[in-house]
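If you're wondering where the values come from, they're calculated on a predicted model, not measured in any experiment.
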Amino acid sequence: MEAPSKKKPPYPVDQTLSKYLKSFGRSVDMALLYKDLRRFTQHIPLIDKHGKHTLWLTVGYPPHERDEIHAELRQIYAQLKASGDLAVMDHLYVDRIDFCEFGNSQPFRVRIVNLINDNQDYFYIK
């Protein structure tokens, strides 16, 4: 008998939900997939201000992939915050990508920074 898992099973978006999302303009095809983010080649533990490991890893990608990944992440952020209008996002950049290997869904956390006022914002990809 298989041991019970506390991990929530993923559910694919079925045709009914997909149609509903499209009818309200909430369905967007993205070039970047979760599995693309999993191709990181380096990582370092993210340490809090008290010197403790946070269970997050800051990840890195090869230079030729990093630029493309950062561009796609900015596009996703633009979709979330400005209905896809990248023109208002020119002053933003991807500062850091973190990965939590201990979470149920193993999320990525992306930190976006505003060059004008140094404000930070985060979004998650699961």
Side-chain angles (χ1 to χ4, degrees):
M1 182 174 188
E2 190 176 321
S5 173
K6 294 182 180 180
K7 186 173 183 176
K8 296 177 185 175
Y11 293 97
V13 175
D14 67 8
Q15 192 174 29
T16 305
L17 177 57
S18 180
K19 184 188 258 185
Y20 174 83
L21 293 171
K22 285 179 183 174
S23 71
F24 288 97
R26 303 303 293 170
S27 178
V28 178
D29 290 328
M30 295 287 174
L32 184 68
L33 302 173
Y34 177 85
K35 68 181 181 179
D36 297 327
L37 291 175
R38 291 294 307 250
R39 291 196 321 251
F40 55 87
T41 56
Q42 51 190 297
H43 60 81
I44 56 171
L46 186 60
I47 307 299
D48 68 14
K49 63 182 177 181
H50 304 292
K52 305 242 187 229
H53 191 302
T54 62
L55 302 180
W56 287 91
L57 301 172
T58 298
V59 299
Y61 301 89
H64 64 281
E65 288 185 30
R66 181 188 60 230
D67 295 339
E68 183 180 329
I69 287 171
H70 284 202
E72 291 296 330
L73 290 171
R74 288 183 69 240
Q75 183 95 20
I76 291 170
Y77 187 78
Q79 284 292 334
L80 293 170
K81 297 291 185 170
S83 299
D85 184 6
L86 272 177
V88 299
M89 301 288 175
D90 288 341
H91 57 284
L92 302 178
Y93 69 95
V94 175
D95 181 51
R96 193 174 76 208
I97 303 170
D98 301 323
F99 173 67
C100 183
E101 61 188 342
F102 294 105
N104 279 343
S105 59
Q106 296 187 330
F108 283 90
R109 177 176 61 193
V110 180
R111 182 165 70 182
I112 301 286
V113 176
N114 184 326
L115 284 168
I116 296 170
N117 58 17
D118 219 22
N119 284 346
Q120 304 170 15
D121 196 6
Y122 293 89
F123 70 96
Y124 295 80
I125 297 177
K126 297 181 181 187

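Under the 4.5 Å side-chain criterion, counting only non-hydrogen atoms from C-beta, Q15 is not in contact with S18. Looking at heavy atoms from C-beta onward, V110 lies in side-chain contact with V94 at the 4.5 angstrom threshold. Counting heavy atoms from C-beta outward, I44 and V59 have side chains that stay 4.5 Å or more apart. A heavy-atom distance below 4.5 Å is found between the side chains of I76 and F123.
Contacts classified as side chain to side chain donor-acceptor pair (under 3.5 Å) and involving residues 68-79 (residues at least two apart or in different chains) are given here: Y77-D121. Identified under the side chain to side chain donor-acceptor pair (under 3.5 Å) test for residues 54-64, with sequence neighbours left out: T58-D98. The salt bridge (Lys or Arg N to Asp or Glu O under 4.0 Å) contacts involving residues 111-120 comprise D95-R111, where partners must be two or more places apart or lie in separate chains. Screening residues 102-121 for ring pair (Phe, Tyr, Trp, His ring centres under 6.0 Å), with sequence neighbours left out, gives Y34-F108, F99-F108. Screening residues 34-48 for salt bridge (Lys or Arg N to Asp or Glu O under 4.0 Å) gives D36-R39, R39-E65 as the qualifying pairs, with residues at least two apart or on separate chains.
Side-chain heavy atoms closer than 4.5 Å link hydrophobic residues (I, L, V, M, F, W, Y) into clusters, and following such links, possibly through other members, connects I112 to L80. A continuous path of hydrophobic side-chain contacts links L37 to M30 [ILVMFWY only; heavy atoms under 4.5 Å].
Once rounded to the nearest 0.5 Å, the distance linking CD1 of I116 with NE2 of H91 reads 4.5 Å. Atom CD1 of I97 sits about 6.5 Å away from atom CD1 of I69, to the nearest 0.5 Å.
The two residues L92 and N114 make their nearest non-hydrogen contact at CD2-CA, 3.5 Å.
Looking only at distances, no side-chain donor or acceptor of Q120 sits under 3.5 Å from a matching main-chain atom of V113. H53 contributes a side-chain N or O that, together with a main-chain N or O of L55, makes up a donor-acceptor pair within less than 3.5 Å.
Its side chain outside the 4.5 Å cluster rule for every partner, I47 clusters with none of the Ile, Leu, Val, Met, Phe, Trp and Tyr residues. Clustering of Ile, Leu, Val, Met, Phe, Trp and Tyr by side-chain heavy atoms under 4.5 Å joins Y20 with V13, L17, L21, F24.
By the salt bridge (Lys or Arg N to Asp or Glu O under 4.0 Å) test, K126 is found to be paired with no residue, residues two or more places apart in sequence or in another chain being considered. Remark: A71 pairs with no residue by the side-chain contact (heavy atoms from CB on, under 4.5 Å) rule, at least two apart or across chains. By the ring-ring contact (aromatic ring centres under 6.0 Å, His included) test, Y93 is found to be paired with no residue, residues two or more places apart in sequence or in another chain being considered.
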